[in-house]
Amino acid sequence: MSRSLLIRNALLLATMDDQRREIGNGWVLIRGNRIEALGEAGDAPDTADEIIDASGCVVTPGLVNTHHHMYQTLTRAVPGAQDCELFGWLKRLYPIWARLTPAMIRVSTQTAMTELIMSGCTTASDHLYIYPNGCTLDDSIEAAAEIGMRFHACRGSMSVGESKGGLPPDRVVEHESAILKDSQRLIEAWHDPADGAMLKIALAPCSPFSVSQDLMRESAVMARHYGVGLHTHLAETVGDVAYSRERFGRTPAQYAEDLGWTGEGVWHAHCVCLDDHGIDLFARTRTGVAHCPSSNMRLGSGIAPIRKMIDAGVPVGLGVDGSASNDAGHLLLEARMAMLLARVRDTGDGSGDPAALSARQALELATRGGAAALGRRDIGHLAPGMCADLAIFDVAGIAHAGALHDPLAALLFAAPAGVRHSIINGRQVVRDGELLTVDTQRLTEMHNRMARVLLED
């Protein structure tokens, strides 16, 4: 018999299920790595192998991060890149990233995942697209397994350097035959197609300005053959759209459609400048969007039309994006940013709309929306049979005092909290605010040392 875990006495259990039930004094029973039952206090089981008292806490589904570049935790707040738009920011950082090592990839992955887990995130996608000095995606995958996070590892790539009209320096791009060969290797070695999988691989050519149309097309063919996801950056800035029109004679959405980059399990990061045709296309084909509000603000990229996307039926999730363009990996904070930024988007007369995105809708982007964008039906809400991924937030302290009229909304309107407890795949990975799977003090020391080396070279 699988081991049981009972979470009880929750101030509020926010299921995010199909009925969007919110249960006061709620409980969740986990057996093995699945949710067995949940409900109100009067129906709670009396015993379990382990019991967590969630008094004073809001329990939510584990949050889902749909876009990140975890290696960038090593280059937060880099001088000379703090006040740049996207292309200038990349040009400043590409030469630094060219000095990355496998050890740096491993340590930065665990640093980023620690930050995410402590903010309530239980599933993360990472887009690693630069592989200098022997770095491989395996470095990230093995680091994720040690820390215990549910992981969508995206095999990114760049193949069009400056000499061919692309943005990245030639020394950080790869040959397309090598990219495709390694993509196949990674899928066959690591991808788990099963329901409840802890590790999935996606193919992720970096962007229209750093890979060829052939690589985009062939990656889509390979992904369909193996049943894996597809991910890239799309329509991130006005300059991005202009590049697509000038080089390909198409909008970014038309470019994606022509190359087979639409459908469930395909998700695009940013989409700040996605036009009405693109929104309709993504809604009809169930193509996902990773909304990254903090990064978009940091780089001055603009405000994505998230309300229009949601209303049209586009699967929209949240992404913290790379920690050199955010520079934080706090997913609950990202949900707060999404809520606030949607409200200041110009409605046509220079004013915003304070009802554009509610706290519950923003939390839905961080849970159900993220699962839908990744093409997953086994995570993102709490119900019997779902994966046992839960975040337990303590709202009994000073930061939430006076906000408990609506404790769920308080998670976003008040200062964003860290988790008190976190469960991933039925395993407790955070207890009383402490990560159990890695030594965070040692990890931080190694990370800071490597960050200094990376910028000093």
Side-chain angles (χ1 to χ4, degrees), residues 16 20 63-68 86 125 127 152 202 207-208 229-238 240-241 244 250-257 261-297 299 301-321 331 334-348 352-377 380-381 412:
M16 294 290 174
R20 309 305 195 267
L63 309 185
V64 180
N65 179 42
T66 60
H67 185 63
H68 207 328
L86 176 64
S125 167
H127 189 184
H152 282 237
S207 66
L230 285 168
H231 183 52
T232 193
H233 300 86
L234 197 78
E236 184 172 354
T237 67
V238 172
D240 194 355
V241 175
S244 182
R250 286 167 283 184
T251 67
Q254 290 168 335
Y255 178 83
E257 183 178 26
W261 276 71
T262 58
E264 189 170 9
V266 182
W267 77 105
H268 299 276
H270 301 290
C271 295
V272 171
C273 301
L274 194 66
D275 58 14
D276 289 345
H277 163 264
I279 292 173
D280 178 68
L281 170 68
F282 284 15
R284 285 188 287 105
T285 58
R286 299 295 295 167
T287 304
V289 168
H291 178 39
C292 306
S294 293
S295 173
N296 296 341
M297 287 188 281
L299 297 175
S301 300
I303 305 174
I306 295 304
R307 184 71 262 171
K308 289 180 70 172
M309 293 183 195
I310 296 170
D311 291 344
V314 176
V316 179
L318 293 180
V320 299
D321 201 9
L331 196 54
E334 206 64 33
R336 172 182 166 83
M337 290 296 186
M339 177 185 73
L340 297 178
L341 189 59
R343 297 177 178 212
V344 300
R345 183 176 171 86
D346 189 350
T347 57
D353 178 5
L357 197 68
S358 71
R360 284 167 172 77
Q361 288 167 335
L363 283 167
E364 187 164 323
L365 296 183
T367 52
R368 291 182 67 102
L374 295 179
R376 296 195 69 149
R377 296 180 173 85
H381 68 274
L412 266 65

Practice problem: Report yes if the side chains of Val64 and Thr367 come closer than 4.5 Å at any heavy-atom pair, otherwise no. | Solution: no

Self-check item: Met309 and Val289, any side-chain heavy atoms less than 4.5 Å apart
Solution: yes

Quiz prompt | Distance, nearest 0.5 Å, that separates CG of Leu365 from CG of Leu318 | solution = 5.0 Å

Practice problem: Spell out, as yes or no, whether a donor-acceptor pair under 3.5 Å connects the side chain of Asp280 to the backbone of Asp276. | Solution: no

Practice problem: Return the minimal non-hydrogen interatomic distance between His68 and Asp321, and the atom names on each side. | Solution: ND1-O, 3.1 Å

Quiz item: Is Arg284 atom CZ crowded by more than 12 heavy atoms from other residues, nucleotides or ligands, each under 6.0 Å away?
Solution: yes

Exercise. Output yes when a side-chain donor or acceptor of Thr287 lies under 3.5 Å from a complementary backbone atom of Gly263, and no otherwise.
Key: yes

Self-check item: ring-ring contact (aromatic ring centres under 6.0 Å, His included) partners for His231, two or more places apart
Solution: His67, His127, Trp267

Quiz prompt | Nearest non-hydrogen partners of Asn65 and Leu331, listed with the distance | solution = N-CD2, 3.6 Å

Self-check item: From CD (Glu334) to SG (Cys292), nearest 0.5 Å
Solution: 7.0 Å

Exercise. With rounding to the nearest 0.5 Å, note down the distance linking CG in Leu357 to CG in Leu340.
Key: 9.5 Å

Quiz prompt | From Gln361 atom CD to Ile306 atom CD1, the distance as rounded to the nearest 0.5 Å | solution = 12.0 Å

Quiz prompt | Over all atoms of both residues, closest heavy-atom pair of Ile279 and Val314 | solution = O-CG2, 3.5 Å

Exercise. Determine the minimum heavy-atom distance between Gly317 and Ala373, stating which atoms define it.
Key: N-CB, 4.1 Å

Exercise. For the residue pair His270 and Asn296, establish whether any side-chain heavy-atom pair is separated by less than 4.5 Å.
Key: yes

Exercise. Can you measure from OG1 (Thr285) to CD (Glu257) and round to the nearest 0.5 angstrom?
Key: 8.0 Å

Quiz item: Taking all non-hydrogen atoms of both residues, which atom of Ser294 and which atom of Met337 are closest, and how far apart?
Solution: OG-CG, 3.4 Å

Quiz item: Atom CD in Glu236, atom NE2 in His268: separation rounded to 0.5 Å?
Solution: 13.5 Å

Practice problem: Please report the C-alpha distance between Leu374 and Thr66 in whole Å, then the side-chain angles of each, then the deciding distance to 0.1 Å, and finally whether the side-chain contact (heavy atoms from CB on, under 4.5 Å) criterion is met. | Solution: CA-CA 7 Å; Leu374 295 179; Thr66 60; 4.1 Å; yes

Quiz prompt | Leu412 backbone acceptor or donor facing Arg336 side chain under 3.5 Å | solution = yes

Quiz item: Would you find a donor on one side and an acceptor on the other, under 3.5 Å apart, between the side chain of Arg286 and the backbone of Glu264?
Solution: no

Quiz item: Minimum heavy-atom separation for Met16 to Arg360, with atom names?
Solution: CE-O, 4.1 Å

